[in-house]
Amino acid sequence: MNHWLMKSEPSAFSIDDLAASPGKTTVWEGIRNYQARNLLRDEIQVGDLAYLYHSSCQLPGVVGVMEVTRGGYADPSQFDPASRYFDPRSDRHAPRWFCVDVKLNRRLGRVIGLQEMRTHEPLRDLALLQRGNRLSVMPVTKPEWDFILSLE
DNA sequence: GCCAACGTTGGC
DNA sequence: GCCAACGTTGGC
């Protein structure tokens with residue numbers, strides 16, 4: 001089993017949205033970055049766990065744990081002209097973008113903030129904290145995962 | 001709202 | 001294939 005961190009702007013999709021429908025599966029759609037796409041398509045599998053990270057908000061940080069309920073499949077929104085994620089250049093027979101399904105495992109007791117994480121030596125190599133990182137889906141090692149949980 | 005750091009696009 | 005222009009992300 002692998003561990004991940006997925007970013008979302010809470011104004012678009014937040015932990016509250018996930019918590020509003022317990023047990024419900026959510027399509028993690030709209031990722032339009034090739035590096036993240038490759039992770040969604042090739043690496044992320046059913047049973048993997050992912051931290052939900054709130055970005056571009058008052059207190060950026062990790063807010064919850066999600067579980068992957070379906071591995072990479074063609075992101076339906078790329079074919080939907082009504083979707084903000086529509087991509088007219090994508091071909092149904094060779095989809096350009098992929099998504100996964102997730103459900104909320106649990107909300108953390110508090111936000112593990114970005115600045116707080118920066119102060120901890122065991123998180124020195126955390127992908128999220130590297131300079132200029134803009135990936136919206138990124139790997140988290142098991143030790144990093146456990147350390148972040150220990151901060152709760 | 002600012003701006004640094006990217007990624008993407010497109011002319012050549 | 002290079003690279004300038006442009007668009008986006010995301011912390012502050």
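Order of the sequence lines fixes the chain letters, A, B, ..., with proteins taken first and strands second; residue numbering starts at 1 for each chain. As the structure is a computational prediction, the values presented were derived from the model and not from experiment. All values below were derived from every heavy atom in this structure, side-chain atoms included, with hydrogens, water molecules and symmetry-related copies excluded.
To the nearest 0.5 Å, the span separating CZ on A:Arg41 from CD1 on A:Ile31 amounts to 14.5 Å.
What you find for A:Ser77 and A:Glu29 is that their closest heavy atoms are CB-OE1, 3.6 Å.
The aromatic ring centroids of A:Tyr85 and A:Trp97 lie 6.0 Å or more from each other.
Look at A:Glu152 and A:Arg106 and you find a salt bridge, because one of the NZ, NE, NH1 or NH2 atoms lies within 4.0 Å of a carboxylate O, short of that distance. A salt bridge links A:Arg107 to A:Asp16: at least one charged side-chain nitrogen sits closer than 4.0 Å to a carboxylate oxygen. By the 4.0 Å N-to-carboxylate-O rule, A:Asp75 lies too far from A:Arg96 to be salt-bridged with it.
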Could you go over nucleotides 1-4 of chain B and give all protein N or O partners under 3.5 Å, atom names and distances?
none

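Surrounding CD of A:Gln130 are more than 12 heavy atoms belonging to other residues, nucleotides or ligands, all under 6.0 Å away.
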Quiz item: Does the pair A:Glu116 and A:Arg110 meet the rule for a salt bridge (charged side-chain N to carboxylate O under 4.0 Å, His left out), with working shown?
Solution: CA-CA 12 Å; A:Glu116 178 183 352; A:Arg110 66 183 187 89; 2.8 Å; yes

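At the heavy-atom level, A:Arg32 lies nowhere under 4.0 Å from the strands shown.
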Quiz item: Taking protein heavy atoms under 4.0 Å as touching, what does nucleotides 7-12 of chain C look like 5' to 3' if B marks base contact, S marks sugar-phosphate-only contact and - marks none?
Solution: BBSBSS

